[in-house]
S.K.: 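Quick one: this structure, given as structure tokens, is what I'll be asking you about.
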Amino acid sequence: MVLIAAAVCTKNGKVIISRQFVEMTKARIEGLLAAFPKLMTAGKQHTYVETDSVRYVYQPMEKLYMLLITTKASNILEDLETLRLFSKVIPEYCHTLEEKEILENAFNLIFAFDEIVALGYRESVNLGQIKTYVEMDSHEEKLYQAVRQTQEREAKQKMREKAKELQRQRMETAKRGGPMGGGMGGRSSGGFSADGFGANTTSMGMGGMGSGGPSIEMDKPIAPKPQKPVSRNALKLGGKTKDVDSFVEQLNSEGEKIAKLTPAATAASSAVAAVKAKIISDVHMESIHLKMEDKLVVRIGRDGGLQQFELSGLLTLRISDENMGRIKVALENNDAHGIQLQTHPNVDKELFKTRSIIGLKNPAKPFPLNTDVGVLKWRFVTQDDSAIPLTINCWPSENGEGGCDVNIEYELEAQHLELQDVSIVIPLPMNVQPQVAEYDGTYNYDARKHILQWNIPVIDAANKSGAMEFSCNSSIPGDFFPVQVSFVSKTPYAALKAKEVVLVDNDEPVKFSTENILYADKYEVV
């Protein structure tokens, strides 16, 4: 098939967005799109309509049309299959099929269109792969931006505290009639309430006003302490690891045999760090934002059987509008595993137990402002194999030539999950390069860390299993364990979700945003 253009237009023929895939003048494309509504026949349902030169293939979507313009020589069955994929892409990026929503997400839709068609020809991709390719970005940049924003917030907070301190000193000096001096009282920990959520603030107390308590002399300036010069030979943090690595490499070069470390654990920790950077998402945050975070710790035996399974989760609430401080959050709990729930001490336990609503014991008090407040946490520990979301079967067997043939496969057991950025790290014998025969996804051999890293972009119900085969010389089956796994998902493991957020005063629903995160803190086959 040769696809000329893809467009989203209204029932009246107004073009909202359009993407051209072949070289053609703007006037020609505009003419083709303008001719489409004139070819529509009232009262009949069509899937396509033809002219002398092109074919229009379209699908109604509420008040809109998803339209493809192809050549007449293209295969109509392939055209319809491509049209269905285009129609699935739009709801992934637009919550409602309205003109305003399409325009707000125009660039994401165009990027997705480009992943489906290249130079007029359909690419072999599915919906999960399209989402992965469009969302692909720099983990390091997101991590840098998050650290920078945190530093800016801390600097602003310190600036406000310093300004308050100077203002109190001026007022105290004006009352005493003396020159300004340095001095600050003790720190006290405060917060949202007497038994608050733990948001720390700093309280400055100025002495010298009462007759019965300790005082701080304001008239004597405090001389700054001289700073000691920093020695050039001072201890450098982090230098030990580099020295150890260089020492081990030197011993290896001299022919000494060094006991093998566990490189897979190091690679897995790096993968977990990358996953946590991935978690810093660009979800649009409303004035009320709810974040549900699930963390998995799983250990599976190499011969099968679950050795450890622990799920821990936290629901945090962030409010950025002071008018929305007094609210209640209604949850929908469809859990069938028996997950243990625990509310914050300031949350009304009876209200949550009877109606699954999170609200404060004292409804007159608001939630803290601009602070991530943990209001609910949960935990689930089991030895039941059915709780494992992703099974990994690593089967090394000796090949009779002093080496091993390794077959490793995965299968998604929890098919309601969509796992992204899946990384399976397999340790290898030192100085032995694997010969990979078959694999799904991609792989990377790290000779320095002695690992084989198998990467799968998306594992979901449509792509629930995969396998890899490779062989290694001079190895035994025990060399390929433990296998470390890392992944991230926007689908929570716990069947909890926010159903509604209402104001305390009148039970009026308010707009809110949610963010769901599931990641593997430690997932291994030993």
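The figures here come from the full heavy-atom set of this structure, side chains too, leaving out hydrogens, waters and symmetry mates. Quick caveat, the model's predicted, so the values are computed rather than measured.
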S.K.: Once you round to the nearest 0.5 Å, how far does CG of L68 lie from CD1 of I4?
M.R.: 10.5 Å
S.K.: Taking all atoms of both residues into account, what is the closest heavy-atom pair of I29 and A5, and its distance?
M.R.: CD1-CB, 4.2 Å
S.K.: Below 6.0 angstrom between ring centroids: does that apply to F86 and F113?
M.R.: yes
S.K.: How long is the straight-line distance from CG of L67 back to OH of Y58, given to the nearest 0.5 Å?
M.R.: 9.5 Å
S.K.: Which pair of heavy atoms, one from F512 and one from E500, lies closest together, and at what distance?
M.R.: CE2-CA, 4.1 Å
S.K.: Let me see the working for N334 and E332 under side-chain hydrogen bond (donor to acceptor under 3.5 Å, both in side chains), right down to the final yes or no.
M.R.: CA-CA 6 Å; N334 296 320; E332 183 177 336; 3.0 Å; yes
S.K.: Checking side-chain hydrogen bond (donor to acceptor under 3.5 Å, both in side chains) for the pair N370/S320: CA distance, chi angles, key distance, verdict?
M.R.: CA-CA 5 Å; N370 295 323; S320 56; 5.0 Å; no
S.K.: Under the side-chain hydrogen bond (donor to acceptor under 3.5 Å, both in side chains) rule, what do R299 and Q308 come out as? Steps first, then yes or no, please.
M.R.: CA-CA 5 Å; R299 183 184 295 115; Q308 180 186 5; 2.9 Å; yes
S.K.: What do the steps show when you test I102 against L64 for side-chain contact (heavy atoms from CB on, under 4.5 Å), and what is the final call?
M.R.: CA-CA 10 Å; I102 298 291; L64 307 175; 3.9 Å; yes
S.K.: Rounded to the nearest 0.5 Å, how far apart are CD of E409 and CE of M468?
M.R.: 13.0 Å
S.K.: Does Q129 use its side chain to pair, donor to acceptor, with the backbone of N126 at less than 3.5 Å?
M.R.: yes
S.K.: Rounded to the nearest 0.5 Å, how far apart are CG of L290 and CD of E515?
M.R.: 10.5 Å
S.K.: Could you tell me which residues satisfy salt bridge (charged side-chain N to carboxylate O under 4.0 Å, His left out) with D114, sequence neighbours excluded, listed by chain and number?
M.R.: R19
S.K.: Got L109 and F111 here, is their nearest side-chain heavy-atom distance under 4.5 Å?
M.R.: no
S.K.: Do T316 side-chain atoms and G374 backbone N/O form a donor-acceptor pair below 3.5 Å?
M.R.: no
S.K.: Would you mind reporting whether R153 and Q151 have side-chain heavy atoms less than 4.5 Å apart?
M.R.: no
S.K.: Indicate the atoms forming the closest heavy-atom contact of L83 with V57, along with that distance.
M.R.: CD2-CG1, 3.6 Å
S.K.: Does Q20 reach the main-chain N or O of V22 with its side chain, forming a donor-acceptor pair under 3.5 Å?
M.R.: yes
S.K.: CD of E104: more than 12 outside heavy atoms within 6.0 angstrom?
M.R.: yes
S.K.: At their closest point, which heavy atom of A118 faces which heavy atom of E123, and how far apart are they?
M.R.: CB-OE2, 3.1 Å
S.K.: Strictly below 4.0 Å, N to O, side chains only: are E92 and K88 in salt-bridge contact?
M.R.: no
S.K.: Does OH belonging to Y445 count more than 12 external heavy atoms closer than 6.0 Å?
M.R.: yes
S.K.: If we ignore hydrogens and angles and just use 3.5 Å, is the side chain of S312 paired with the main-chain N or O of R379 as donor and acceptor?
M.R.: no
S.K.: What I'd like to find out is whether the side chain of L518 reaches to under 4.5 Å of the side chain of L296, using heavy atoms alone.
M.R.: yes
S.K.: When you check the side-chain N and O atoms of E413 and T391, is any donor under 3.5 Å from an acceptor?
M.R.: yes
S.K.: Step through the shown structure and confirm whether more than 12 heavy atoms of other residues, nucleotides or ligands are within 6.0 Å of CD on E23.
M.R.: no
S.K.: Specify the closest pair of heavy atoms between C472 and V432, including all atoms of both residues, with the distance to one decimal.
M.R.: CB-CG1, 3.9 Å
S.K.: Contact between E293 and Y519 at the side-chain level, heavy atoms closer than 4.5 Å - yes or no?
M.R.: yes
S.K.: Distance-only, no hydrogens or angles: does the Y523 side chain make a donor-acceptor pair with backbone N or O of L390 under 3.5 Å?
M.R.: yes
S.K.: A side-chain contact here means heavy atoms from C-beta on lying under 4.5 Å apart; do I388 and L306 qualify?
M.R.: yes
S.K.: If only atom types and distance count, is the side chain of T343 paired as donor or acceptor with the main-chain N or O of L376 below 3.5 Å?
M.R.: no
S.K.: Without hydrogens or angle criteria, can the side chains of S423 and Q453 be said to hold a donor-acceptor pair below 3.5 Å?
M.R.: yes
S.K.: Could you walk me through whether T491 and E418 satisfy the side-chain hydrogen bond (donor to acceptor under 3.5 Å, both in side chains) test, starting with their C-alpha distance in whole Å, then the side-chain angles of each, then the deciding distance to 0.1 Å, before giving a yes or no?
M.R.: CA-CA 7 Å; T491 308; E418 180 184 287; over 6 Å; no
S.K.: Nearest 0.5 angstrom please: S18 OG to K26 NZ, how far?
M.R.: 11.0 Å
S.K.: Flag the pair L314 / V375 as yes when at least one side-chain heavy-atom distance between them is below 4.5 Å, and no otherwise.
M.R.: no
S.K.: Is there a side-chain contact (heavy atoms from CB on, under 4.5 Å) between K291 and R318 once you walk through the steps?
M.R.: CA-CA 8 Å; K291 180 178 178 181; R318 186 178 184 89; over 6 Å; no
S.K.: Does V526 form a side-chain contact (heavy atoms from CB on, under 4.5 Å) with I300? I'd like the steps, not just the answer.
M.R.: CA-CA 6 Å; V526 297; I300 307 169; over 6 Å; no
S.K.: Any chance you could measure R302, atom CZ, to E524, atom CD, to the nearest 0.5 Å?
M.R.: 11.0 Å
S.K.: Could you check whether E101 and H95, counting side-chain N and O atoms only, form a donor-acceptor pair closer than 3.5 Å?
M.R.: no
S.K.: Would you call the rings of Y56 and F36 parallel, tilted or perpendicular, where under 30° means parallel and over 60° means perpendicular?
M.R.: tilted
S.K.: Do the side chain of S74 and the main chain of T70 share a donor and acceptor less than 3.5 angstrom apart?
M.R.: no
S.K.: So F380 and F309, would you call those rings parallel, tilted or perpendicular, with 30° and 60° as cut-offs?
M.R.: perpendicular
S.K.: Answer whether the closest heavy-atom distance between the side chains of N407 and N393 falls below 4.5 Å.
M.R.: no
S.K.: Would you say the side chain of V525 lies within less than 4.5 Å of the side chain of F481, judging by non-hydrogen atoms?
M.R.: yes
S.K.: Take L496 and M292, measure what side-chain contact (heavy atoms from CB on, under 4.5 Å) needs, and give me the verdict at the end.
M.R.: CA-CA 9 Å; L496 292 171; M292 296 182 65; 3.4 Å; yes
S.K.: Quick one: do R122 and E78 make a salt bridge, cutoff under 4.0 Å?
M.R.: no
S.K.: Check whether the side chains of T382 and D384 place a donor and an acceptor atom closer than 3.5 Å, and report yes or no.
M.R.: no
S.K.: Hey, can you tell me if W454 and Y410 have their rings parallel, tilted or perpendicular (30° and 60° cut-offs)?
M.R.: tilted
S.K.: State, to 0.1 Å, how close G313 and D294 come at their nearest heavy-atom pair, and which atoms those are.
M.R.: CA-OD1, 3.8 Å
S.K.: Donor-acceptor pair, distance only, cut-off 3.5 Å: does the side chain of D479 make one with the backbone of I476?
M.R.: yes
S.K.: Can R55 and D79 be counted as an ion pair, charged N to O under 4.0 angstrom?
M.R.: yes
S.K.: Has D446 got a side-chain atom pairing as donor or acceptor with H450's backbone, closer than 3.5 angstrom?
M.R.: no
S.K.: Using the six-membered ring of Y65, assess whether NZ or CZ of K11 lies under 6.0 Å from its centre and within 45 degrees of the ring axis.
M.R.: yes
S.K.: Parallel, tilted or perpendicular, judged at 30° and 60°: which one describes the rings of Y443 and Y439?
M.R.: perpendicular
S.K.: Ignoring hydrogens and angles, tell me if any N or O in the side chain of Q342 forms a donor-acceptor pair with the backbone of W378 under 3.5 Å.
M.R.: no
